[in-house]
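Data first, discussion second: the structure below is written as structure tokens.
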Amino acid sequence: MKVLVVGGGGREHTLVWKLKQSPRVAKIYCAPGNAGIAGEAQCVNIGAEDIDSLLKFALDEKIELTVVGPEAPLTLGIVDRFREAGLRIFGPSRKAAEIEGSKVLAKEIMSKYNIPTGRYADFTNPDAAISYIKENGAPIVVKADGLAAGKGVIVAMDEKTAIDAVKMIMKDRVFGESGNRIIVEEYLEGEEVSILAFTDGTAVIPMVPSQDHKRIFDNDEGPNTGGMGAYSPTPVYTREIEEFALEKILIPTVRGMKEEGRTYEGVLYAGLILTKDGPKVLEYNARFGDPETQAVLIRLESDLAEIIEGIVDKRLEGMEIKWRDEAAVCVVMASGGYPGSYDKGKVISGIREAEAAGATVFHAGTAQKDGKIVNSGGRVLGVTALGQTIPEAINNVYKAVQKITWDGVQYRTDIGKKALKHLK
Ligand code: GLY
């Protein structure tokens, strides 16, 4: 089978890496890909949001399965367009992907189907939002309704930050139309866990849990990023919580979406906060998480192509999905200055040595220059290693990370540390 993976980050490198292991897959293309993906698939110079060109490419090359990584093409309706053209594609339709594309819709679904989440109100008028913030006080969360490249959620520990966020989103329009509406939401306290689940619109099979590290610096300090590392499993996520999340969150969400005429197929990502009153949904995403995918799929023993085909053909029910018992830790190595501005084109050394030390190095923001690999994005590499236990995986991954360097490199030194306090 000829497969096209859409996207060019660490998540997509992981998808390509895993799909390539499948005997069902003869050839993989990736649009646009990156320098690491180029070693495993044929990269095609088409942007992930250029749906017309992607569709033409898939038709011309007789692609038999397309797998979409990022949210933007999903919310733009890539799945609808490919299906109309008779092509097989993995991911939610435009209407289903709105669960990520509209925070207001996500909240409405949760309210209607009794899915646990924080109290909220939505606003189209900034002054009304500011009055609500003053009435309720901080800490409080302000969210742009639409997509904002992961920057549309502001966790405000004081009223001024919340009010500034409202002004930034609704008056200064830093996220454009995504700021037409906002949500102001209760601040949920507890550890965050990412649950990615396979679903064909009826059956729901959760993957192993993982935990992201959103802040740039150790001990969760500094500004938010796309994610600086992840580990799996998450010992804080007990069997009891897992059952609750499946019965009270994942299944009702998929059922609710179907009832709303938004049948959801693909990967549903539920970002949960484990509060003292039980797990609550912080956000949904309509795709695999990044860098969660790196820590999760490295543990997948089953054939990913077989699972994806099962979903596309709506026969996920009863499918057995096997996971490795080992723990996995992914450390994101980023450009100096990220999540602010950073220099590009710095030569990266030590990737082979890190691989020789047993790690798998997933590329994100990398490019080829004069035969060398250089940084070309904020998040550059996702160095991922397994271990019999989480401490062992941490040890293995940091041994590999230390072999890689470039001018300005930065990474967190505490990925996975939060798990340790939950281990006996
Ligand atoms: N790691 C967060 C996300 O993928 O949205």
Side-chain angles (χ1 to χ4, degrees), residues 1-48 54 57-58 61-70 73 88-91 230 267 287-309 324 328 330-333 347-369 371-377 379-386 397 400-401 403-404:
M1 168 167 72
K2 275 167 123 180
V3 176
L4 168 65
V5 173
V6 176
R11 165 185 46 214
E12 289 76 23
H13 190 179
T14 314
L15 288 168
V16 166
W17 170 85
K18 186 64 193 168
L19 286 166
K20 209 181 160 193
Q21 295 166 17
S22 170
R24 295 166 178 254
V25 175
K27 171 142 195 170
I28 310 187
Y29 297 90
C30 187
N34 60 36
I37 294 174
E40 324 210 26
Q42 187 172 327
C43 291
V44 186
N45 191 16
I46 304 176
L54 290 170
F57 175 82
E61 291 298 328
K62 303 194 166 46
I63 299 293
E64 292 158 280
L65 177 68
T66 298
V67 178
V68 186
R88 293 166 89 221
I89 182 162
F90 174 71
V267 170
R287 52 171 173 80
F288 282 100
D290 190 344
E292 290 94 328
T293 304
Q294 290 83 321
V296 167
L297 288 191
I298 202 165
R299 298 187 58 212
L300 178 62
E301 224 175 82
S302 302
D303 180 337
L304 180 63
E306 191 177 334
I307 300 169
I308 287 179
E309 289 202 284
R324 299 168 75 125
C330 167
V331 174
V332 170
M333 301 184 79
V347 175
I348 302 170
S349 66
I351 293 178
R352 273 214 199 105
E353 290 78 357
E355 285 169 341
T360 304
V361 180
F362 296 115
H363 290 229
T366 63
Q368 287 264 9
K369 193 172 129 195
K372 301 217 159 84
I373 303 225
V374 299
N375 72 321
S376 64
R379 292 191 292 169
V380 179
L381 299 172
V383 181
T384 309
L386 292 163
V397 80
V401 163
K403 303 208 180 287
I404 299 178

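Remember, it's a predicted structure, so these values are computed and weren't measured experimentally. The residues of the chain are indexed from 1 along the displayed sequence.
- No side-chain donor-acceptor contact under 3.5 Å links Arg287 to the backbone of Gly69.
- Listed for the Asp303 side chain is no donor-acceptor partner under 3.5 Å among the backbone atoms of Ser22.
- Applying the side chain to side chain contact (heavy atoms under 4.5 Å, CB included) test between Ile298 and each of Leu386, Thr14, Thr293 identifies Leu386 as the sole match.
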Pair Leu381-Thr366, side chain to side chain contact (heavy atoms under 4.5 Å, CB included): steps then yes or no: CA-CA 8 Å; Leu381 299 172; Thr366 63; 3.8 Å; yes

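- Between the side chain of Arg379 and the main chain of Asp290, a donor-acceptor pair closer than 3.5 Å is present.
- Looking at every heavy atom in both residues, Pro73 comes nearest to Val68 through CG-CG1, 3.8 Å.
- Under the 3.5 Å distance criterion, the side-chain polar atoms of Gln42 are left unmatched by any main-chain donor or acceptor of Tyr29.
- Checked by atom type and distance alone, the side chain of Thr384 pairs as donor or acceptor with a backbone atom of Gly382 at under 3.5 Å.
- Note: Phe288 and Phe90 have tilted aromatic rings, judged against thresholds of 30 and 60 degrees for the angle between ring planes.
- Remark: the backbone N or O of Gly8 is paired with a side-chain donor or acceptor of Asn34 at under 3.5 angstrom.
- Between Val6 and Ile89, the closest side-chain pair of non-hydrogen atoms is not below 4.5 Å.
- Looking only at side-chain heavy atoms (C-beta outward), Pro70 and Arg11 come within less than 4.5 Å of each other.
- Pairing each heavy atom of Ala359 with each of Ala400, the nearest pair is CB-CB, 3.4 Å.
- A distance-only check finds a donor-acceptor pair linking the side chain of Glu12 to the backbone of Gly9 [under 3.5 Å].
- Contact record, Glu309 with Arg88: OE2-NH1, 2.9 Å, taken as the closest heavy-atom pair.
- Atom CG of residue Leu297 and atom CG of residue Leu15 lie 6.0 Å apart, to the nearest 0.5 angstrom.
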Please report the C-alpha distance between Leu304 and Val67 in whole Å, then the side-chain angles of each, then the deciding distance to 0.1 Å, and finally whether the side chain to side chain contact (heavy atoms under 4.5 Å, CB included) criterion is met. CA-CA 11 Å; Leu304 180 63; Val67 178; over 6 Å; no

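- A side-chain hydrogen bond (donor to acceptor under 3.5 Å, both in side chains) with His13 is found for exactly one of His363, Lys18, Glu40, namely Glu40.
- The shortest heavy-atom contact between Ile373 and Ala35 is CD1-CB, 4.1 Å.
- Of the possible polar contacts, none joining the Lys403 side chain to the Ala357 backbone as a donor-acceptor pair under 3.5 Å is found.
- If you take OG1 on Thr66 and CG on Leu54, they are separated by 8.5 Å, rounding to the nearest 0.5 Å.
- The two atoms that bring Cys30 and Gly7 nearest to each other are SG-O, 3.2 Å, heavy atoms only.
- In terms of heavy-atom proximity, Val25 sits nearest to Ala305 at CG2-CB, 3.9 Å.
- Residue Arg324 holds its CZ atom at 7.0 Å from CD of Glu301, rounded to the nearest 0.5 Å.
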